[in-house]
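As a basis for the values below, the full set of heavy atoms in this structure was taken, side chains included, without hydrogen atoms, waters or symmetry mates. A, B, ... follow the sequence lines: proteins, then strands. Residue 1 opens every chain.
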Amino acid sequence: MADNGGAAGNGAAGNRAAGNRAAGNGPTGRAGSALDIRDLAAGYGNVAVLDNVTIAAAAGTITAVLGANGAGKTTLLRTISGSVRARAGQIEIDGMSLVRRAPEEIARAGVAHVPEGQGVITELTVEENLRLGLLLRPRRERAAAIADAYQRFGVLGDRRRQAAGTLSGGERQILVIARALLSAPRVLLLDEPSLGLAPKIVAQVMDLIARLRDESGLTVVLVEQNARSALEIADKGVVLNLGRVVAESDAAELAADVGLRRHYLGF
Amino acid sequence: MQEFIEFTLGGLASGIIYSAIALSLVLIWRGTRVLNYAQGGMAMFTTYVALTVINDTGGNYWLGFLAALAAGFALGAVLERGVVRPTVGKPPLNSVIVTIGILIFIEGLAGIIFYNGQSASFPPAYSIVSLKVGSIALGVSWNDVFTAAAVLAAAVLLAALFRYTTVGLRLRATAFNASVSRLLGVRVGRVLTLGWALAGLIGALAGVLVTPTTFLNPNSMDAIFVLGFTAAVIGGLDSPVGAIVGGLVLGVVLSYVGGYLSADLIELAGLAALVLVLMFRPSGLFAPTAVRRV
Amino acid sequence: MTMLRHVAIAVACGALLLLLSYRLDLYRDLQFAEVAAEVGAVAGLTVLIGISGQISIGHGAFMAIGSYAAALLLLHQHWNIGYVIVASGLVAAAAGGIMGIAAARLRGPYLAGATLMLAVALPSLADKYQSVFGGDQGLSVSITPPAALGATFPLQRWFVWLSCAATLVLLVLLANLVRSRIGRSWRAVRDDEIAASLAGLNVARLQILAFVVSAACAGVSGTLYAMVTTIVTPDAFTLTLSIGLLTAAVLGGLGSLLGAVWGAAILVLAPPFLQDFATSHGFSSAVSSNVPIAAYGVVLIVVMLVFPAGIQGGLRRLLGPAAPVAAAPFSALRRHAPAREEKEEGTV
Amino acid sequence: MNRSHRLGFVPLAGLAALALVVAACGSSSGSGKKALTASATGITAKTITIGSHQPLTGIAAPGYDEIAPASNAYFQYVNAHGGVYGRKIKYIYLNDQYNPSITVTVVNQLILKDNVFAIFNGLGTPTHLAVVKTINADHVPDLFVASGCECWNQPKTYPDTFGWQLDYVREGKILGNYVEQHFKGKKIGLFYQNDEFGLDGIKGLKYEIPAKQIVAAEPYNAAASNPSQEVGTAAAKLKAAGAQVVISFSVPAFTALLRLSELGVSYNPQNVVSDVGSDPITLEGLLNSFAKKSGSFGKSLLQGIITDGYLPSLGDTTNSWIKLFTKIHNEYIPKLPLDGNVLYGMAVAYTFVQAMFRAGRNPTRASVLAAVNGLPQAVAVAPFAYSLTDHNGITGAYMAEIKNGVLVPIGPVQVTDDTPTGAITTYSGTQPSAPASGIP
């Protein structure tokens with residue numbers, strides 16, 4: 001597993017220029033794209049999970065959303081991507097409202113949500129999973145984009161004909177991120193990308209996310225239990241507790257705030 | 001030997017129809033986890049449409065054939081959108097009852113609007129006279145050959161659609177994991193409608209192909225549906241290949257039982273075959289076992 | 001205590017029905033008896049599906065077994081009707097046990113397929129063994145009111161008494177069973193098989209038991225039905241009957257015994273009502289004979305879309321939230337789609 | 001309300017006065033013209049209400065669902081031309097889907113709720129068997145059951161029940177006798193519905209045909225889940241047994257399937273089909289679309305089939321009965337095909353009207369039963385068997401061949417009884433013509 005992850009990381013590093021070009025094809029490179037969340041409330045049934053959440057994610061930055069289990073981090077992402085309906089408040093990307101839209105329409109508007117755990121479709125092959133990411137791209141760009149992805153993530157190219165269910169956890173994580181990137185999103189929502197991965201691979205994944213921001217100006221919202229490694233790459237940190245924003249500031253500041261760390265972040 | 005050839009080929013000729021019905025059931029099951037009990041009724045209805053077109057165009061079989069396929073496609077889409085979609089998120093049994101309701105409604109409607117519900121014959125595409133090798137009659141006709149070819153061609157085209165086109169990729173992705181597909185921008189609603197439409201089309205094909213041998217009336221597809229359903233269960237509801245194989249196996253088994261034992265035993269043989277398969281493979285012969293987590 | 005309460009309710013109902021049977025004309029009496037006869041099968045099915053979480057699309061088969069057992073006992077052994085009802089219920093229960101053993105391994109549509117094929121195949125036995133089962137013309141079932149009631153006591157009223165009495169006993173037994181430890185275990189299995197087995201419940205045995213109970217109810221119901229219609233034939237137990245029972249259980253409201261009464265009433269009374277309606281509105285014969293069919297289809301669809309928990313669920317909703325809704329009566333059926341549920345949860 | 005009450009009194013009084021006058025005239029002239037009264041259940045001064053159970057939907061509906069509308073058309077015709085002594089016939093036929101349990105329900109409705117005078121032409125052997133006891137227990141006339149089962153002829157057990165059509169045993173004897181004489185020594189195969197219909201027919205056949213000549217007997221199940229597969233197998237087995245003549249007691253759909261299956265296995269025996277399954281128009285309808293594909297027409301697939309008929313052939317357009325019924329068909333039920341089922345429905349309705357006229361101006365259930373005894377021959381080619389000890393109907397038929405889509409008689413009308421030894425004799429009488437008015 002570690003070897004595979006390493007190979008992926010190396011492959012990606014070795015093709016920095018190519019990745020840059022690929023991402024540059026999409027709208028992600030545009031300056032000024034941002035995610036704006038204001039006074040958001042959401043929940044399930046009688047349970048209110050999010051209350052009065054306001055977060056602004058600047059274009060080309062990584063925003064780490066942190067907090068304990070049950071703080072509402074995953075619900076936040078699911079509400080942005082439309083899987084959970086917002087009860088109040090506003091979500092905008094580039095000034096366009098996402099509230100009350102179906103998940104597929106939000107995806108088409110440029111929000112790629114990489115869900116927690118294994119978002120791969122195990123019955124499909126690796127290549128088919130990747131092709132699903134391409135559905136929103138113009139037909140003429142697809143061949144080049146998928147070739148780029150294979151160059152960047154070598155391990156996927158080696159296994160393109162295998163059922164995605166045969167991949168290891170790390171490989172699956174790489175696959176879902178690669179697939180999300182292929183759709184050339186404006187905003188990437190990542191839910192616990194490090195969950196269940198070996199520390200070495202976690203580092204590689206984090207590294208990959210940071211490079212994507214740097215290379216292509218992607219806006220990333222990163223939900224992580226592993227607050228320490230998230231804050232290492234994030235530009236900004238938001239701490240949720242019981243569905244409310246209890247802190248929001250520069251990532252380095254947050255990491256330095258010992259009280260906050262001890263209270264909410266556990267490191 | 002002559003009898004054996006006749007029973008075998010005759011069984012395959014019947015079986016391929018069960019395969020077609022089974023295939024249409026599998027298409028819907030994989031896409032929406034709904035068992036469409038109205039599939040036979042829909043096929044009966046579209047066959048009436050074909051008959052009306054044939055009679056109105058002075059006997060043009062192929063126009064009727066195409067009309068049935070088009071009607072099946074449209075009917076599948078309309079039913080999914082109109083009455084099946086609202087059962088999503090409700091208890092699964094509700095969708096079962098809704099499809100049974102569709103079946104009962106369609107049968108009543110056909111009795112009201114088509115030929116006063118009277119039995120009618122439906123023409124075959126080609127001659128039904130047995131083919132011969134030398135002096136041995138094979139027990140299958142050009143029409144049986146056409147029937148088998150049409151079902152297999154439809155199956156191959158479907159497989160190609162699923163395997164090689166982006167529409168097919170959307171269909172499969174939705175069938176396997178609708179919520180992930182949604183996050184990737186797949187308009188799942190439209191894809192499900194398309195799945196029902198394709199199933200309606202395959203069902204319509206089965207109706208047009210089988211009705212020359214059963215005659216057409218509002219209940220004429222009931223028994224065929226039961227056997228098609230049985231074939232799908234035997235093959236495994238998630239497996240299109242299983243549907244085809246299940247239909248052929250069932251057709252041949254029933255033909256042997258009817259031929260060598262007694263016609264009275266055909267239904268019991270169907271039950272026995274089903275129970276036997278399910279005893280050893282509770283999810284059918286071709287149940288996917290590999291990648292599913294439990 | 002519950003037992004006493006149920007018996008008291010049943011006795012009160014019985015007294016009411018007894019009075020009613022005198023108020024109705026003979027035709028209504030007969031319809032009444034037919035409804036009462038069908039209630040048992042629908043109630044058994046509603047317990048099987050709604051409480052134990054297994055499906056049967058071929059429950060008519062168990063009615064057939066009960067009816068034929070009763071007809072044969074009456075013809076050859078000349079037993080008292082009371083013993084016949086019990087005995088035929090036991091025969092059907094045994095058949096249910098066999099089906100249950102197979103069913104315990106099967107899930108969702110595979111179980112539906114097996115029960116469906118059972119309903120299709122079973123009547124063909126009557127053709128195969130004509131000397132025993134009388135082939136297409138079946139066996140006649142004739143019982144007479146006891147002499148003590150007087151020579152002029154109408155047969156139809158006797159049918160009402162017998163079917164109501166037998167059905168009330170069945171309902172009391174079922175009501176106690178679903179509130180007993182066994183009923184609670186069934187619900188546990190229905191809601192989560194794995195959790196139930198981890199909690200030490202024998203899932204397979206409970207599922208088989210549910211089939212046994214439900215088949216016994218269908219067997220008793222089949223006996224009453226044969227008695228009311230005075231004949232047992234294979235044509236009476238077509239797939240249409242089985243599907244009718246299923247729709248009645250779901251229309252009434254799964255898991256609810258009162259719902260089973262509504263469902264059975266609709267099943268028996270709707271067709272003649274609709275046919276009369278169509279005929280009296282001057283439709284031609286082809287149309288008026290098909291209008292009831294089409295209308296029943298529409299009713300099924302509309303009820304499922306408007307009252308997804310059936311009539312009893314709808315009544316509860318209308319009469320206020322006080323009564324607890326039968327704990328998610330369908331959740332068990334989720335396992336119809338195990339793969340999908342898994343995956344959806346996987347993406348949460 | 002009040003107004004109608006008051007007004008209602010005047011005509012009532014008038015009617016009573018009129019009745020008195022009529023009664024007085026009647027007694028003075030001695031013609032017996034008594035006032036019309038509500039003389040029995042289901043009979044009022046103005047109407048005769050009768051009921052029936054018919055398969056209007058479901059497996060047996062195709063074809064048979066024309067019978068009751070055809071009977072009703074004839075009743076409409078009678079009603080429009082004076083009715084039965086001025087009473088109009090109201091015919092309630094309910095759908096039993098050919099399911100005996102439903103038959104019980106609908107017949108109970110007819111007797112207990114609709115209060116019919118008689119059950120008329122209830123269709124089907126298993127279905128009617130389910131209700132024959134009840135009907136007799138309630139002493140409701142059970143006239144002219146639409147089934148050739150021998151079971152209706154039990155005057156002691158079922159005094160109220162009468163058959164009508166040629167019973168299957170007689171028919172089997174007449175068919176068997178013909179085959180025995182014209183296909184001497186040929187190998188014979190049987191194809192029959194596995195119920196009372198087929199079994200009674202085979203019983204009659206076996207009275208006439210030596211057992212050793214029968215090389216194969218293939219029963220079919222009318223409710224088969226895949227009829228074509230079942231019949232295909234039967235055809236293959238008949239062929240393998242080398243049967244040169246195949247005698248069928250089958251319903252039309254299965255006759256047609258047998259013909260198709262014979263083609264399917266390249267088998268061309270002489271087909272002999274009983275009346276029930278040989279209506280050329282029904283068969284043609286079923287076979288036409290196939291025949292085109294085999295380079296011929298439905299008619300030619302039927303060409304040469306031997307059968308029997310107990311009603312005049314629809315092809316005999318000069319026959320007075322066929323003329324009458326064609327006229328009524330064109331006027332009342334032009335949408336239905338003019339086929340054997342329609343002919344049957346009108347013919348049996350005619351018999352009923354005959355009986356009602358004989359039962360007197362104010363009929364009772366007893367008088368109508370008495371009227372059936374000795375009912376004279378009318379539409380059928382042979383007389384009725386009706387007597388105090390015999391409740392069978394038509395007693396004979398002629399042999400015929402299907403030529404160009406119609407029955408062409410190939411022999412005289414023969415009559416027989418239903419015993420193993422009863423002789424088969426040529427009927428010497430002639431068929432009466434239809435009355436000019438069309439009403440008995």
TODO: With a 4.5 Å heavy-atom cut-off (strictly below), which parts of residues 78-87 of chain B touch chain C? List them by number.
DONE: B:V83, B:P86, B:T87
Task: Per-residue contacts, residues 293-305 of chain C versus chain B, heavy atoms under 4.5 Å - done: C:I293, C:A294, C:Y296, C:G297, C:V298, C:L300, C:I301, C:M304, C:L305
Please look at [X] and chain C and tell me whether the side chain, the backbone, both or neither of the residue comes under 4.5 angstrom of a heavy atom of that chain.
X	answer
B:L268	both
B:L237	both
B:S262	side chain

Heavy atoms, side chains only, cut-off 4.5 Å: are [X] and [Y] in contact?
X	Y	value
B:Y37	C:I243	no
B:L227	C:M117	yes
C:V291	B:I112	yes
C:L239	B:V226	yes

Task: Partner chain C: residue of B:L265, B:L103, B:L109, B:V275 with the largest heavy-atom pair count (under 4.5 Å) - done: B:L265
Task: Pairs of heavy atoms under 4.5 Å with chain C: top-ranked of B:V98, B:T99, B:I234 - done: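 Of the options given, most contacts go to B:V98.
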Task: Part of C:A114 within contact of chain B (heavy atom distance under 4.5 Å) - done: both
Task: Proximity breakdown for C:L116 and chain B, heavy-atom pairs closer than 4.5 Å - done: side chain
Task: Partner residues of C:F211 under the ring pair (Phe, Tyr, Trp, His ring centres under 6.0 Å) criterion, sequence neighbours left out - done: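 Testing C:F211 for ring pair (Phe, Tyr, Trp, His ring centres under 6.0 Å), a comparison that skips the adjacent residues, returns none.
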Separation between [atom1] of [X] and [atom2] of [Y], rounded to the nearest 0.5 Å:
X	Y	atom1	atom2	value
B:I97	C:L254	CD1	CG	7.5 Å
C:L122	B:E267	CG	CD	11.0 Å
B:L35	C:I57	CG	CD1	7.5 Å

Task: All pairs passing side-chain hydrogen bond (donor to acceptor under 3.5 Å, both in side chains) where residues 109-126 of chain C contributes a residue, at least two apart - done: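 Pairs touching residues 109-126 of chain C that pass the test: none.
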TODO: Identify the heavy atoms of C:P109 and B:V233 that sit nearest to each other, and give their distance.
DONE: O-CG2, 4.2 Å
TODO: Tell me, yes or no, whether the heavy-atom count around C:Y129 atom OH, taken from other residues, nucleotides or ligands under 6.0 Å, exceeds 12.
DONE: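 Counting other residues, nucleotides and ligands, OH of C:Y129 stays at 12 neighbours or fewer.
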